[in-house]
There are 2 protein chains.
Amino acid sequence: MKSVDRRVQKTRALLHEALLDLIVEKGYEAITVQDIIERANIGRSTFYFHFEDKEKLLRGCIDQLFHFLQISPKSSSEEKLNGNIHFQFSLAMLQHVQSHRLIYTAVVGKQSGVVVLYHMKKMLKTVISEEIDQLYERDLLKKLPTGVLTAHILGSFWTMLNWWMEQKTPYSAIQMDQMFHEIALSGVRA
Amino acid sequence: MKSVDRRVQKTRALLHEALLDLIVEKGYEAITVQDIIERANIGRSTFYFHFEDKEKLLRGCIDQLFHFLQISPKSSSEEKLNGNIHFQFSLAMLQHVQSHRLIYTAVVGKQSGVVVLYHMKKMLKTVISEEIDQLYERDLLKKLPTGVLTAHILGSFWTMLNWWMEQKTPYSAIQMDQMFHEIALSGVRA
DNA sequence: TAAATTCCGAACACATTGTTTGATAAAGGG
DNA sequence: CCCTTTATCAAACAATGTGTTCGGAATTTA
C-alpha cells in the first residue's frame, strides 16, 4: 500500500478543480496552461511534473467524473417502457448531469473542444455497446450492423443532452429519459 | 457589375485549396496560418489582408462547399418510403459526400475541430428545420417540441455520416440514405 | 499609359508552450 | 526527532505561432 504523497494529492486536486472552473467560464479550447496554473496557484514546472499537457489533465477529470457512473446504482426496476426495451445507462447519466448542470452545459456547448467530446463519447460508447449487444441477441433490435445501432443510440443520447442544456426552463432528468427512449427507439414518425 | 480583381480570385482560391488539402492531411485543429501560407505560397500579410483568421477562411470554404447543395437538384420523385415521409436534403448531401470522401472523412473525423463541426451542423440545421416544419404541420411527426425533432434528425444524419466515413468498404449514398430514413423515422426497435 | 489596387517580405511585439536550473520546503520512514 | 527522499517553486530559456505594420514591387483595371 503505497499511499500517495499528500502534496501530490493536493496539487492534483487543485489543478482538476481549476480546469473544471475554467471550462465553465470560458470553455476548454480557450484555456491555456497559463490560465490553469494561475487559477490553481501552482508553479509552471509543477504542472508539467504531473501532466504532459492540457489534455492529460482533462482525461484525469473525465475519468474521475465517470468513475461515479460506473458505481452508480442501476435502476433494477424492469419497467415495461417502449416494448420492454429500456437502457440502463441513460437515467443515471441524466441525473448526474442534472446535478452538475453548469459543467455539462459548458462541456456540451459551443465553447467546448473536440478532445472533450471525443473522450466523453468514447466513454459513453463503452457503456452503450454492452447494452446494445444484449438487446440485439434477444432480437429486440432492427437487423442492422450493431455498429450503426450503437452509433445511433449514442448520437441520439448526445443530441438529447445538447438540447436539454440549451433549454431555459429545463425538463427533469426523468422526462428527458422518457423522451430519449421514445425518440431513439421508435423514431420521429407519428 | 464589379468584377473581382483576378489577383484576389487567384489568392483566395489558393488559400481555400491549401486549407482543404491540409485538413485532409492533418485535420483542422492542427493547422496553423503558417502552414496555410506556406502551402499556398502566399505572403503572410496577404493572408491577413483577405481573412481575419483561420476560421474566417474556413467559413469561406464551407460556404462554397454548400453553395452547391443549395442549387443541387431536389429529387422530385415522391417516393412512398417509410409512410410518405422523405427528407429531401439527405440524398443530395450524401451524394456530395460520396464524391468528396477524403475531405469529409477528415471533416467528420477525430482530427477535426469544433468550429468546423459547428459551422457544418449550423448549415445543415437550416436545411433540415424547413423540412421538419412542413412535416410537422402535416401531422406526420410526433407531437414533441420541433426543436427536439430537428435536433434529432440532424443528430441522426450526422451519426450516419460519421459511421459511413469510418467504414472500409463503404455503402453507397443510396443505401445510407435508406438506412438514415429507416432508423431516424422509426428508431432502432425491431 | 496612368492610377489604383494588390502582393510581398521583413521586421515587430506579444503570447504560449514545454524544458531546465538550483534552491527551498514538506513529507515519510526509521 | 533526524535524515533521506520527494515535491514544489521561481526564473529563465528557446521555439513556435499570432497578428500588425511598413515601403517598395508587381499587376490589374480603366
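This one's a predicted model, so the numbers in the text were calculated from it and none came from an experiment. Throughout, protein chains are lettered first and strands after them, A, B, ... in sequence-line order, and every chain is numbered starting at 1.
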Row check, Tyr136(A) ring normal vs Lys142(A) NZ/CZ: under 6.0 Å, within 45°: no

Flag if over 12 foreign heavy atoms under 6.0 Å of CZ, Arg101(B): yes

Separation of atom CD in Glu38(B) from atom P in dT16(D), rounded to whole Å: 12 Å

Residue from Ile103(B), Leu58(B), Val107(B) passing side chain to side chain contact (heavy atoms under 4.5 Å, CB included) with Leu20(B): Ile103(B)

Electrostatic pair Glu29(B)-Lys54(B), nearest N-O below 4.0 angstrom: no

Which atom pairs link the protein and nucleotides 28-30 of chain C when you take only N or O atoms and keep those under 3.5 Å?
| unit_1 | atom_1 | unit_2 | atom_2 | d |
| --- | --- | --- | --- | --- |
| dG28(C) | OP2 | Arg6(A) | NH1 | 3.2 |

Whole-Å gap separating C1' (dG18(C)) and CD1 (Ile36(A)): 14 Å

Other residues, nucleotides, ligands: >12 heavy atoms within 6.0 Å of Leu144(A) CG: yes

Lys121(A) to Phe157(A), cation-pi by 6.0 Å centre distance and 45° axis angle: no

Tyr48(B) side-chain N/O to dG19(D) phosphate OP1/OP2 under 4.0 Å: yes

Protein-nucleotides 7-11 of chain C N/O pairs under 3.5 Å:
| unit_1 | atom_1 | unit_2 | atom_2 | d |
| --- | --- | --- | --- | --- |
| dC7(C) | OP1 | Arg7(B) | O | 3.1 |
| dC7(C) | OP1 | Thr11(B) | OG1 | 2.4 |
| dC7(C) | OP2 | His50(B) | NE2 | 2.7 |
| dC8(C) | OP2 | Gly43(B) | N | 3.1 |
| dC8(C) | OP2 | Thr46(B) | OG1 | 3.1 |
| dG9(C) | N7 | Ser45(B) | OG | 3.2 |
| dG9(C) | O6 | Ser45(B) | OG | 2.7 |

Integer-rounded Å distance: dT16(C) C1' and Lys26(A) NZ: 12 Å

Crowding at NZ, Lys26(B) (>12 non-hydrogen neighbours, <6.0 Å): yes

Within 6.0 angstrom of Glu52(A) CD, more than 12 heavy atoms from elsewhere: no

